[in-house]
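So the structure is just underneath, and the comments pick up after that.
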Number of protein chains: 2
Amino acid sequence: MTDPDSGRRPKYQRIADELRTAIQAGTFAPGDRLPGENDLMSTYDVARMTARQALSVLRNEGLAEARKGAGVFVRSFRPLRRRGIPRLAHGHWGSGRSVWSADVAEDRALVVDQIEVTTAPAGARVARVLGLSCPDEPVCVRSRRFVLDDRPVLLSVSYLPAALVEGTAIMEPDTGPGGTYARLAELGRRPVHFREEIRSRMPTAEESDRLALEFGTPVILIGRTAVTEQGVAVELNEMTLDSASYVLEYDFDA
Amino acid sequence: MTDPDSGRRPKYQRIADELRTAIQAGTFAPGDRLPGENDLMSTYDVARMTARQALSVLRNEGLAEARKGAGVFVRSFRPLRRRGIPRLAHGHWGSGRSVWSADVAEDRALVVDQIEVTTAPAGARVARVLGLSCPDEPVCVRSRRFVLDDRPVLLSVSYLPAALVEGTAIMEPDTGPGGTYARLAELGRRPVHFREEIRSRMPTAEESDRLALEFGTPVILIGRTAVTEQGVAVELNEMTLDSASYVLEYDFDA
DNA sequence: CAGTGGTCTAGACCACTGA
DNA sequence: CAGTGGTCTAGACCACTGA
């Protein structure tokens with residue numbers, strides 16, 4: 001009854017198409033429950049695996065999410081706006097505010113719920129970026145997870161030369177007002193230039209776990225290098241963002 | 001023999017784990033053939049659907065790609081570097097070069113293989129960005145696909161007020177030296193400020209088709225607004241990038 | 001405790017690839 | 001033409017959710 005041209009397109013695709021159309025038409029609103037495996041099995045007279053395959057198409061597209069034991073639901077998307085350039089302006093962190101505070105409206109709070117500060121050998125990649133002479137040289141590794149409204153949205157791992165930050169607040173969990181950049185400035189290494197590199201890919205199992213990601217949700221990777229007036233890289237910050245939670249914004253002149 | 005703690009983790013995940021480890025260890029190099037469905041069925045003594053599920057984990061992570069009738073292969077990733085800020089500097093397109101030419105090394109060519117220029121009603125979203133008084137106002141729509149080494153990497157749709165660009169080269173497939181921005185400058189609407197917004201998500205079926213994307217490959221969306229000295233938005237350019245083909249770079253000062 | 005999604009089996013048939 | 005991945009069935013059992 002639904003397919004005059006049932007010819008070439010696989011069953012599971014046709015079922016996914018119908019559900020997708022219904023979602024876009026508003027028949028199912030964000031948060032609504034979709035027909036589940038059992039519903040599709042009887043409605044379309046297909047096997048469980050075929051019904052699952054149809055639903056997994058929508059999950060891979062980021063349109064639906066499954067909650068075990070409860071059902072399959074239409075996803076919603078209300079992103080944070082991360083303004084790449086003003087958040088790193090000296091006037092912002094120089095006045096004692098956190099770089100991260102720029103990303104959220106004042107009525108919401110982006111908080112760190114996991115933090116780990118260690119010292120470890122740099123490794124080849126980090127040594128190259130920070131201009132260390134040898135991959136075994138120690139670096140300070142600041143690893144954090146940020147949570148918004150109880151939802152993890154971002155992982156951040158920051159690398160700084162251990163020789164530079166040894167014994168400073170940068171080695172403490174709480175780096176104090178203005179954060180790492182304010183402390184670097186006090187050490188005479190104020191960052192004046194930044195480079196951000198952006199990629200996107202599907203998460204690893206560990207990332208998916210730590211960010212509590214749904215199936216079809218990619219991560220955005222940002223690698224930022226902070227450079228001093230003398231052209232020396234003093235920090236590499238590698239961030240992993242839940243792509244369903246973020247829009248990045250860059251403003252600049254021609 | 002492979003699982004002392006076979007307890008909680010599903011079979012398909014354990015198989016995927018082993019393959020992933022082997023890929024990361026270099027046992028399988030980029031382009032190599034991986035064990036296929038039939039191999040996994042006999043090696044691990046599982047049903048076809050379970051072997052498929054294991055392979056689909058790796059495909060979703062972007063680590064492997066299936067070629068029907070041939071096998072499953074390790075994917076490779078060699079991205080283009082898109083330098084967000086210098087490519088839009090007036091000195092670049094002002095001297096007659098294309099904005100896009102900045103994205104590739106001189107020995108490779110990023111070429112347009114599909115182009116369509118039409119006029120259509122703006123619609124609510126575009127009208128809002130371009131500051132049009134009514135969503136029915138006509139806009140010039142320039143839709144292009146870019147190909148690198150025969151591989152489609154980017155879709156671009158550009159919107160400009162029809163009242164402004166009517167009868168100019170901007171309505172032609174070839175906009176001439178320096179492209180749209182050089183023509184806007186000649187009209188007294190030189191863009192001096194840009195805003196780029198970046199998101200990432202899984203592709204729609206159409207995007208997946210036009211960019212010839214593999215299973216677990218997200219797209220990166222860039223929405224750029226070009227603004228004149230007078231603060232008027234003259235262009236909205238919406239781009240859809242194959243995330244496996246691009247790294248974005250933004251350089252700026254504190 | 002009824003219903004849900006998650007995992008898994010042992011088969012079948014198909015279109016496609018590449019030697 | 002042998003081998004491959006893609007689709008599909010008709011069952012089964014499990015852990016989890018929420019009334």
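In the text below, chain A, chain B and the rest are named by the order of the sequence lines, each starting its count at 1. Note that these values count all heavy atoms, side chains included, but never hydrogens, waters or copies made by symmetry.
- An angle of 20°, rounded to 10°, separates the two end axes of the helix from C/dC1-D/dG18 to C/dG18-D/dC1, each defined over five pairs.
- Looking at A/R83 and A/D251, no side-chain N of the basic residue comes within less than 4.0 Å of a carboxylate O on the acidic one, giving no salt bridge.
- Judged by distance alone, the side chain of B/R145 and the main-chain N or O of B/R210 form a donor-acceptor pair under 3.5 Å.
- The CZ atom of A/R59 sits 6.0 Å away from the CZ atom of A/R52 when rounded to the nearest 0.5 Å.
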field: Under 4.0 Å protein heavy-atom contacts per nucleotide of nucleotides 4-10 of chain D, with B for base, S for backbone only and - for none
entry: BBBBBBB

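- Salt-bridge annotation for A/R20 and A/D17: present, with a side-chain N of the basic residue lying under 4.0 Å from a carboxylate O of the acidic one.
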task: Could you please spell out the steps behind the side-chain contact (heavy atoms from CB on, under 4.5 Å) verdict for A/T204 and B/E61?
output: CA-CA 7 Å; A/T204 63; B/E61 288 172 357; 5.6 Å; no

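- A/M41 has its CE atom 11 Å from the P atom of D/dA12, to the nearest Å.
- Considering only heavy atoms from C-beta on, A/T217 stays 4.5 Å or farther from A/E65 through its side chain.
- B/R142 contributes a side-chain N or O that, together with a main-chain N or O of B/E172, makes up a donor-acceptor pair within less than 3.5 Å.
- Residues B/T50 and B/M41 form no side-chain contact, since every pair of their non-hydrogen atoms from C-beta on lies 4.5 Å or further apart.
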